Asks: 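For reference, the structure I am asking about is given below.
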Amino acid sequence: MEEILRIQNLSKRYGDMPVLDHVDLSVKKGEVVVIVGPSGCGKSTFLRCMNALEEIQEGKVLLDGELINPCRGKLNLVRQRIGMVFQSYELFPHKTVLQNMTLAPVRVKKKDRREAEEEAREMLERVGLLSRKDSYPRQLSGGQKQRVAIVRALMMHPEVLLLDEITAALDPEMVREVLEVVIALAREGRTMVIVTHEMAFARAVADRMIFIDGGRIIEEGDPESFFEHPQTERLKKFLKSFSYSRE
Ligand code: ADP
Ligand code: MG
């Protein structure tokens with residue numbers, strides 16, 4: 001498989017505080033990489049560095065061979081090519097579902113409004129939300145909002161999709177409907193980097209698991225060996241805290 005995203009020797013500090021310490025990661029086209037690690041270990045920061053939402057102090061991020069962080073201009077273009085979905089949905093509250101979805105394609109990509117609306121309807125249909133196209137975000141459940149946020153990101157046809165704990169704010173009964181959407185995207189061959197605390201989901205969706213602790217990649221591997229045969233004490237301990245270890 002061809003490489004699409006490469007993170008090389010990346011270091012990130014906030015002031016004097018190191019957050020990411022010489023991290024390397026390569027993501028192939030169609031690959032689903034799932035990142036787990038304790039709270040505060042730098043997962044969100046890592047994702048934000050990948051689409052140039054954060055300045056980095058060392059190293060580089062390449063998208064399809066092109067330097068995108070450190071970034072000189074073209075920030076908008078980078079964010080079209082790498083979509084991101086957050087825990088907090090970030091939908092525009094005073095716009096309908098359909099307007100939320102067509103805004104960026106029409107304004108930023110200069111897509112024909114009619115075409116954008118047609119595509120948005122198809123996407124909503126696929127996630128079971130076509131009937132809510134004229135609703136406002138406040139009229140939707142958390143699970144519905146998050147499904148809208150995911151398909152809104154897809155409207156830009158990103159080459160890579162970054163998902164940062166997208167079910168962390170949801171009531172338990174809504175987690176599943178959102179994760180099922182992500183699993184369907186994985187089956188379609190979308191390239192995704194996912195941060196999650198849902199270990200069963202991670203195992204089901206990941207081509208490759210990454211464990212970050214203290215700003216470094218401590219362990220990585222295919223889901224089976226990652227969950228069944230963790231090598232480091234730190235990962236064993238981490239998995240145990242999710243009751244996901246056999247020991
Ligand atoms: P995670 O997503 O793994 O929980 P984060 O990437 O959010 O971790 O945060 C990593 C560390 O960086 C934490 O110690 C956090 O407090 C700190 N941090 C995150 N964002 C900022 C910021 N904008 N300014 C200063 N410190 C930050
Ligand atoms: Mg986070």
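Every value quoted in this text rests on a predicted model; they were computed, and no experiment measured them. Only this structure's heavy atoms are used, side chains among them; waters, hydrogens and symmetry mates stay out. Whatever order the structure lists them in is the order used to number ligands and atoms, beginning at 1. Positions are given from 1, in the same order as the sequence printed here.
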Asks: Within the structure, does Gly42 bring an N/O atom to less than 3.5 angstrom of an N/O atom in ligand 1?
Replies: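 Yes; the residue has a nitrogen or oxygen that sits under 3.5 Å from a nitrogen or oxygen of the ligand.
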
Asks: Could you tell me which atoms of ligand 1, counted from 1 in the order shown, lie closer than 4.0 angstrom to a heavy atom of Thr45?
Replies: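 Under 4.0 Å from Thr45, ligand 1 has these atoms: 5 (P), 6 (O), 9 (O), 10 (C).
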
Asks: So among Lys43, Lys236, Lys237, Arg234, which one has a salt bridge (charged side-chain N to carboxylate O under 4.0 Å, His left out) with Asp213?
Replies: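 Of the listed options, the one satisfying the test is Arg234.
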
Asks: Salt-bridge test for Arg81 and Glu66: reply yes if a basic N is under 4.0 Å from a carboxylate O, no otherwise.
Replies: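 Salt bridge present between Arg81 and Glu66.
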
Asks: Do any non-hydrogen protein atoms sit less than 4.0 Å from atom 1 (P) of ligand 1?
Replies: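 Flag for atom 1 (P) of ligand 1 set to true, protein heavy atom closer than 4.0 Å.
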
Asks: What is the distance from atom CD1 of Ile166 to atom CE of Met84, rounded to the nearest 0.5 Å?
Replies: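 Reported value, rounded in 0.5 Å steps: 11.0 Å.
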
Asks: Can you tell me if Glu54 uses its side chain to pair, donor with acceptor, with the backbone of Leu47 under 3.5 Å?
Replies: no

Asks: What distance do Leu63 atom CG and Glu159 atom CD have between them, rounded to the nearest 0.5 Å?
Replies: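 It comes to 5.0 Å.
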
Asks: Which atoms of the protein, restricted to N, O or S, are nearer than 2.8 Å to the Mg ion (ligand 2)?
Replies: Ser44 OG

Asks: Answer yes or no for Gly37: is there a heavy-atom contact with ligand 1 below 4.0 Å?
Replies: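 Gly37: no contact with ligand 1 (<4.0 Å).
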
Asks: Heavy atom to atom 12 (O) of ligand 1, shortest distance: which of Val19, Val36, Ile212, Ile35 holds it?
Replies: Val19

Asks: Is Arg208 paired with Glu31 through a side-chain N to carboxylate O contact shorter than 4.0 Å?
Replies: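 Arg208 and Glu31: salt-bridged.
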
Asks: Of the protein's non-hydrogen atoms, which lies at the shortest distance from atom 7 (O) of ligand 1, and what is that distance?
Replies: Ser44 CB, 3.7 Å

Asks: Determine the sole option in Gln231, Glu220, Met209 for which the side chain to side chain contact (heavy atoms under 4.5 Å, CB included) test with Phe226 is passed.
Replies: Met209

Asks: First locate atom NE2 of His157, then atom NZ of Lys109, and finally report the distance between them rounded to the nearest 0.5 Å.
Replies: 6.0 Å

Asks: Under 6.0 Å from the six-membered ring centre of Phe92 and within 45° of its axis: does the NZ or CZ of Arg152 meet both?
Replies: yes

Asks: Does any non-hydrogen side-chain atom of Leu5 lie less than 4.5 Å from one of Leu62?
Replies: no

Asks: Counting each atom of ligand 1 from 1 as listed, which ones have a heavy atom of Ser39 under 4.0 Å away?
Replies: 4 (O)

Asks: May I ask you to establish whether Lys12 and Tyr14 are in a cation-pi arrangement, using a distance under 6.0 Å from NZ or CZ to the six-membered ring centre and at most 45° from the ring axis?
Replies: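 Judged by the rule (NZ or CZ under 6.0 Å from the ring centre, within 45° of its axis), Lys12 counts as positioned above Tyr14.
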
Asks: Specify the protein heavy atom at minimum distance from atom 22 (C) of ligand 1: its residue, its atom name, and the distance to 0.1 Å.
Replies: Tyr14 CE2, 3.4 Å

Asks: Counting each atom of ligand 1 from 1 as listed, which ones have a heavy atom of Met17 under 4.0 Å away?
Replies: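 Contacts of ligand 1 toward Met17, numbered from 1: 12 (O), 14 (O), 17 (C).
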
Asks: Give me the residue, atom name and distance of the protein heavy atom closest to atom 13 (C) of ligand 1.
Replies: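 Closest protein heavy atom to atom 13 (C) of ligand 1: Gly40 O, 3.7 Å.
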
